[in-house]
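Before anything else, here's the structure in question.
These numbers come from the heavy atoms of this one structure, side chains and all, not from hydrogens, waters or symmetry mates. Every chain is numbered from 1 and lettered A, B, ... according to where its sequence line falls, protein lines coming before strand lines.
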Number of protein chains: 2
Amino acid sequence: MSKATRMTKQKRVILDILRSTQNHPSADWVYEQAKKIVPDISLGTVYRNLNVLRDSGEIIELNYGSTYSRYDGRNENHYHFYCEKCSKLVDVSIPVYEGLDKMVQDTTGFEVRHHRMEFYGLCNECKEMKAKRA
Amino acid sequence: MSKATRMTKQKRVILDILRSTQNHPSADWVYEQAKKIVPDISLGTVYRNLNVLRDSGEIIELNYGSTYSRYDGRNENHYHFYCEKCSKLVDVSIPVYEGLDKMVQDTTGFEVRHHRMEFYGLCNECKEMKAKRA
DNA sequence: CTAGGTGCAAACCGTTTGCAACGGG
DNA sequence: CCCGTTGCAAACGGTTTGCACCTAG
């Protein structure tokens with residue numbers, strides 16, 4: 001049924017890059033890194049593979065708070081913090097409330113599969129800069 | 001300090017449209033509605049006003065789960081459900097956990113101002129269609 | 001072998017913006 | 001009046017896609 005999928009060196013490299021960074025990089029950043037290993041890789045290929053990996057659940061696409069998507073190599077659910085000043089995006093290590101899905105499912109009748117939560121504000125660096133300026 | 005702002009009839013109409021719908025429309029939908037009242041309004045003006053209203057906190061921009069933004073005329077925090085099949089976006093009426101902001105603030109040290117939560121899955125219509133198909 | 005993947009570059013499309021005219025306060 | 005706002009249309013920028021070639025299995 002589902003289409004066969006090949007492990008090309010491009011896809012391998014892209015996945016490795018995402019798995020080995022704590023950041024939540026843009027497609028373009030991944031492209032720049034990937035070029036160091038596969039010099040003639042194209043940006044289109046990076047996008048295609050990011051979509052394939054996202055569809056197969058191996059990575060998460062984070063597409064809020066900005067005009068472009070960021071990607072996260074972890075695929076277990078977790079929450080994020082987005083700095084409204086410098087656009088930094090970091091993982092938040094509070095437990096994921098799995099029970100929320102069930103609660104919303106019971107409230108709405110919808111089939112709830114997962115949820116996302118993002119916190120917004122100022123990271124430490126931007127908080128300090130603001131304090132200094134005052 | 002902050003720039004003076006004028007209440008033009010375009011802005012008035014856009015805000016009225018958003019306040020009087022339960023949907024979470026795209027800029028284009030707002031534009032189509034606004035044209036019925038101000039026939040020569042331009043799409044650029046709709047975008048400009050949506051940004052102004054968002055910046056002043058009168059509406060919320062919802063920019064996840066799709067390639068384009070949706071807008072919400074309510075400005076008190078609340079959660080959303082996004083149907084992964086038909087892209088419908090609806091309000092979820094479970095209480096907002098204000099305490100989470102403080103918890104994350106204490107955990108991370110960041111200045112947490114607000115958070116967002118979205119649930120993903122299938123709405124009733126798409127759930128039934130899936131059941132029928134099986 | 002062969003069908004899925006790739007590089008390239010053009011197309012796409014939601015959103016932004018430069019500019020001259022307009023109009024709210 | 002003055003300057004923020006508008007209509008128009010072109011530009012922008014991140015992402016997608018058509019095509020001919022390539023390569024993993």
>> Just N and O in the side chain of Ser69(A): are any of them under 4.0 Å from OP1 or OP2 of dT15(D)?
In response: yes
>> What's the closest nucleotide to the side chain of Tyr47(A) if the choices are dT16(D), dT5(D), dG7(D)?
In response: dT16(D)
> Once you round it to whole Å, what is the distance between C1' of dT17(D) and CG of Leu50(A)?
Replying inline: 16 Å
> Can you name the residues that form a salt bridge (charged side-chain N to carboxylate O under 4.0 Å, His left out) with Arg6(A), not counting sequence neighbours?
Replying inline: none
> Do Asn51(A) and Arg54(A) meet the criterion of a side-chain donor-acceptor pair at a distance under 3.5 Å?
Replying inline: yes
> Rounded to the Å, how far apart are Arg6(B) CZ and dC22(C) P?
Replying inline: 15 Å
>> Could you see if Ile59(A) belongs to whatever hydrophobic cluster contains Val13(A)? Use Ile, Leu, Val, Met, Phe, Trp, Tyr and a side-chain cutoff under 4.5 Å.
In response: yes
>> If I take atom CG in residue Leu43(A) and atom C1' in nucleotide dT15(D), what distance separates them, rounded to the nearest angstrom?
In response: 8 Å
> What nucleic acid atoms does Ser26(B) come within less than 4.0 Å of, heavy atoms only: base, sugar-phosphate, or nothing?
Replying inline: nothing
> What residues in residues 29-41 of chain A put a non-hydrogen atom under 4.0 Å from any atom of DNA chain C?
Replying inline: Asp40(A), Ile41(A)
>> For the residue pair Lys11(A) / Thr45(A), report whether a side-chain donor-acceptor contact shorter than 3.5 Å exists.
In response: no
>> If you compare all heavy atoms of Ala27(A) against all heavy atoms of Val46(A), which two are closest, and at what distance to 0.1 Å?
In response: O-CG1, 3.8 Å
>> Taking the ring of Tyr64(A) and the ring of Tyr82(A), is the distance between their centroids below 6.0 Å?
In response: no
>> Taking Glu111(B) first and then Arg113(B), would you say they form a salt bridge - that is, a charged N and a carboxylate O separated by under 4.0 Å?
In response: yes
> Can you find a side chain N or O atom of Ser42(B) that sits less than 4.0 Å from OP1 or OP2 on dC8(D)?
Replying inline: no
> Can you tell which of Ile14(B), Asp55(B), Leu15(B) makes a side chain to side chain contact (heavy atoms under 4.5 Å, CB included) with Leu50(B)?
Replying inline: Ile14(B)
>> What is the separation between atom OH on Tyr68(B) and atom P on dT16(C), rounded to the nearest whole Å?
In response: 16 Å
> Which whole-number value in Å describes the distance from Arg48(B) CZ to dA9(D) P?
Replying inline: 14 Å
>> For Asp28(A) and Val46(B), find the nucleotide of DNA chain D closest to each by heavy atoms; which residue's nucleotide sits nearer the 5' end?
In response: Val46(B)
> Looking at Tyr120(B), Tyr79(B), Phe119(B), which one forms a ring pair (Phe, Tyr, Trp, His ring centres under 6.0 Å) with His115(A)?
Replying inline: Phe119(B)
> Can a side chain N or O of Ser66(B) be found less than 4.0 Å away from OP1 or OP2 on dG14(C)?
Replying inline: no
> Considering only side-chain heavy atoms of Asn51(B), which listed nucleotide, dT15(D), dT16(C), dC8(C), is closest?
Replying inline: dT16(C)
>> Can you list, in residue-number order, the parts of residues 7-17 of chain B that come under 4.0 Å of DNA chain C, counting heavy atoms only?
In response: Met7(B)
>> Using whole Å, what does the distance between atom P of nucleotide dT15(C) and atom CG of Asn63(B) come to?
In response: 10 Å
> Mapping Thr67(A) and Asn49(A) onto DNA chain C by nearest heavy atom, which one lands closer to the 5' end?
Replying inline: Asn49(A)
